[in-house]
Engineer: 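First the structure, which I've put down as structure tokens, then a few questions once you've had a look.
Computed from a predicted structure; not experimentally measured. All residue numbers refer to positions in the sequence shown, counting from 1.
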Amino acid sequence: MPVIGLKIESRSGKVLANIDVDSEDTVAQLKKKYHALAKKYYPARQRLTLPPKEGQKSGEALKDSAKLSDYGLTNGSSVQFKDLGPQIDYSTVFFFEYFGPLVIYPLFFALPQLFYGVAVPMHERALVQKIAAAYWVFHYAKRIFETYFVHTFGHDTMPIRNLFKNCSYYYGFAAYVAYFVNHPRYTAPPVAQSLVCFALALLCQLSNLRCHIILANLRKPGERGYKIPAGFLFNYITCANYTAEIWGWILFTIGTQTAAAGLFTAAGAFQMAEWARGKHRRLVKLFDGKEGREKYPKRWVMFPPFL
């Protein structure tokens with residue numbers, strides 16, 4: 001394989017390094033070689049792109065699995081480097097953002113004297129408060145289980161700042177919802193209403209789990225890229241996992257009859273709607289039915305009949 005010399009440049013055009021590589025090396029191998037020269041920039045922290053063409057702000061991003069020759073890089077070619085900042089594993093972020101709510105909510109339930117200044121015997125708690133606590137713990141325990149045994153991630157890492165942002169969101173809402181649902185002055189809705197809602201909410205959680213298993217099995221080991229989800233609710237909805245998730249929290253809100261839970265549900269639904277629209281657009285664009293590509297079937301985005 002011929003050896004070629006590549007220039008690693010900043011976006012301003014400053015040459016950061018000259019590296020000799022085999023023309024058939026992958027982008028991942030190039031990143032490792034640059035890391036050997038610049039220890040601070042481990043591969044997950046690097047973003048390499050082609051120089052932008054005229055009229056473009058940034059060039060095409062280089063995929064780790066692609067060969068350098070796939071991008072037409074030859075001796076003397078340049079690639080641009082961007083520092084993505086300190087990175088952290090997806091699974092680590094997910095664990096900490098889910099572990100917090102898993103602990104915070106039960107603290108309000110188990111230790112009312114700590115948060116409300118009065119002890120409440122267990123037999124005086126409303127049935128819905130007990131069910132809500134169990135449901136909450138089940139949900140976040142399920143999420144941690146999925147993180148390590150179900151989910152596959154399209155990227156290995158994310159910026160470490162996301163850890164603090166995500167944890168603030170989950171920890172804050174866990175305390176907010178728990179404070180009102182477990183309050184000694186909490187007024188419980190009719191028992192029948194709560195039982196029906198939480199039974200249906202549990203069904204939504206199990207549906208959400210099934211959706212995640214379907215998504216995890218879309219790709220073969222080591223395979224990346226987009227696939228068309230199929231089966232179960234995915235035959236009708238692009239982001240069926242979000243559908244089940246949102247309905248679970250809507251039912252939690254009705255079952256506890258609290259505004260705090262409603263606000264938590266609305267905030268989560270808003271964010272998931274943004275993600276769902278983006279994913280739906282990408283799938284429709286990628287699978288356009290042209291040049292032998294599959295045609296993406298007509299489906300709801302996330303929340304029929306509204307979206």
Side-chain angles (χ1 to χ4, degrees), residues 90 93-94 96-98 100-102 104-105 128 131-144 146-147 150-151 153-154 158 162-181 189 193-194 196-215 229 232-284 298-307:
Y90 264 76
V93 173
F94 282 13
F96 281 108
E97 68 183 39
Y98 299 152
L102 183 66
I104 291 170
Y105 192 106
V128 64
I131 295 175
Y135 179 86
W136 186 281
V137 169
F138 171 78
H139 172 75
Y140 284 101
K142 166 185 160 291
R143 282 196 170 189
I144 292 174
E146 290 173 333
T147 296
V150 177
H151 289 320
F153 301 106
M158 68 171 75
N162 287 2
L163 174 65
F164 305 103
K165 179 180 69 175
N166 293 7
C167 286
S168 297
Y169 169 82
Y170 281 103
Y171 292 17
F173 264 121
Y176 179 58
V177 176
Y179 178 83
F180 288 102
V181 176
Q193 173 182 320
S194 297
V196 170
C197 285
F198 277 102
L200 293 174
L202 180 60
L203 183 61
C204 289
Q205 289 300 318
L206 297 176
S207 297
N208 176 261
L209 173 60
R210 185 176 178 187
C211 288
H212 286 158
I213 292 172
I214 289 172
L215 291 175
F232 192 43
L233 299 176
F234 286 111
N235 290 335
Y236 314 100
I237 307 168
T238 294
C239 294
N241 51 320
Y242 294 164
T243 308
E245 175 84 4
I246 292 169
W247 269 111
W249 288 113
I250 289 174
L251 290 161
F252 180 95
T253 300
I254 299 172
T256 58
Q257 209 162 280
T258 54
L263 183 58
F264 174 55
T265 300
F270 177 81
Q271 179 61 76
M272 282 184 269
E274 291 297 304
W275 292 334
R277 288 190 187 98
K279 183 175 181 179
H280 187 79
R281 283 194 296 266
R282 284 193 297 272
L283 290 174
V284 170
K298 188 175 181 180
R299 293 176 178 172
W300 295 100
V301 176
M302 182 188 76
F303 202 75
F306 305 106
L307 179 64

Engineer: Measuring from atom CZ of Arg210 to atom CG of Leu215, what distance do you get when rounded to the nearest 0.5 angstrom?
Structural biologist: 12.0 Å
Engineer: Should we say atom CZ of Phe96 is surrounded by more than 12 heavy atoms from elsewhere, each under 6.0 Å from it?
Structural biologist: no
Engineer: Could you measure the distance from the OH atom of Tyr90 to the NE2 atom of His151? Nearest 0.5 Å is fine.
Structural biologist: 12.0 Å
Engineer: Do you know the tightest heavy-atom contact between Leu102 and Ala141?
Structural biologist: CD1-N, 3.8 Å
Engineer: Closest approach of Arg299 and Phe234, non-hydrogen atoms and distance?
Structural biologist: CZ-O, 2.8 Å
Engineer: Under 30°, 30 to 60°, or over 60°: which ring-plane class applies to Phe264 and Phe173, parallel, tilted or perpendicular?
Structural biologist: tilted
Engineer: Closest heavy-atom contact between Thr238 and His280?
Structural biologist: OG1-ND1, 2.7 Å
Engineer: Is any side-chain heavy atom of Cys204 closer than 4.5 Å to a side-chain heavy atom of Leu251?
Structural biologist: yes
Engineer: List the atom of Tyr105, the atom of Ala174, and the distance in Å for their closest heavy-atom pair.
Structural biologist: CD1-O, 4.2 Å
Engineer: Are the side chains of Tyr242 and Cys211 in contact, using a 4.5 Å heavy-atom criterion?
Structural biologist: no
Engineer: Quick one: OH on Tyr179 to OG1 on Thr258, what's the gap to the nearest 0.5 Å?
Structural biologist: 13.5 Å
Engineer: Could you give the distance from SG (Cys239) to NZ (Lys279), rounded to the nearest 0.5 Å?
Structural biologist: 5.0 Å
Engineer: Checking side-chain contact (heavy atoms from CB on, under 4.5 Å) for the pair Val128/Phe198: CA distance, chi angles, key distance, verdict?
Structural biologist: CA-CA 9 Å; Val128 64; Phe198 277 102; 3.8 Å; yes
Engineer: With distance as the sole test, does Thr243 use its side chain to make a donor-acceptor pair with the main-chain N or O of Phe303 at under 3.5 Å?
Structural biologist: no
Engineer: Search all heavy atoms of Pro189 against all heavy atoms of Gly255 and return the closest pair with its distance.
Structural biologist: CG-O, 3.2 Å
Engineer: Do the ring planes of Tyr140 and Tyr98 sit parallel (below 30°), tilted (30 to 60°) or perpendicular (above 60°)?
Structural biologist: tilted
Engineer: Shortest non-hydrogen contact from Leu202 to Tyr135?
Structural biologist: N-CE1, 3.9 Å
Engineer: Less than 4.5 Å apart, any side-chain heavy atom of His139 and any of Glu245?
Structural biologist: yes
Engineer: Nearest 0.5 angstrom please: Leu200 CG to Phe252 CZ, how far?
Structural biologist: 15.0 Å
Engineer: Under 3.5 Å, is there a donor-acceptor pair between the side chain of Trp136 and the main chain of Pro101?
Structural biologist: yes
Engineer: Please check this pair: side chain of Asn208 against backbone of Asn241, looking for a donor-acceptor N/O pair closer than 3.5 Å.
Structural biologist: yes
Engineer: Run Arg277 and Leu307 through side-chain contact (heavy atoms from CB on, under 4.5 Å) and show every step you take.
Structural biologist: CA-CA 9 Å; Arg277 288 190 187 98; Leu307 179 64; 3.8 Å; yes
Engineer: What's the separation between atom NE2 in His212 and atom NZ in Lys142, rounded to the nearest 0.5 Å?
Structural biologist: 6.0 Å
Engineer: Compute the ring centroids of Phe94 and Phe153, then answer whether they are less than 6.0 Å apart.
Structural biologist: yes
Engineer: Would Glu97 and Tyr169 count as a side-chain contact (heavy atoms from CB on, under 4.5 Å) if you check the C-alpha gap in whole Å, the side-chain angles of each, and the deciding distance to 0.1 Å?
Structural biologist: CA-CA 8 Å; Glu97 68 183 39; Tyr169 169 82; over 6 Å; no
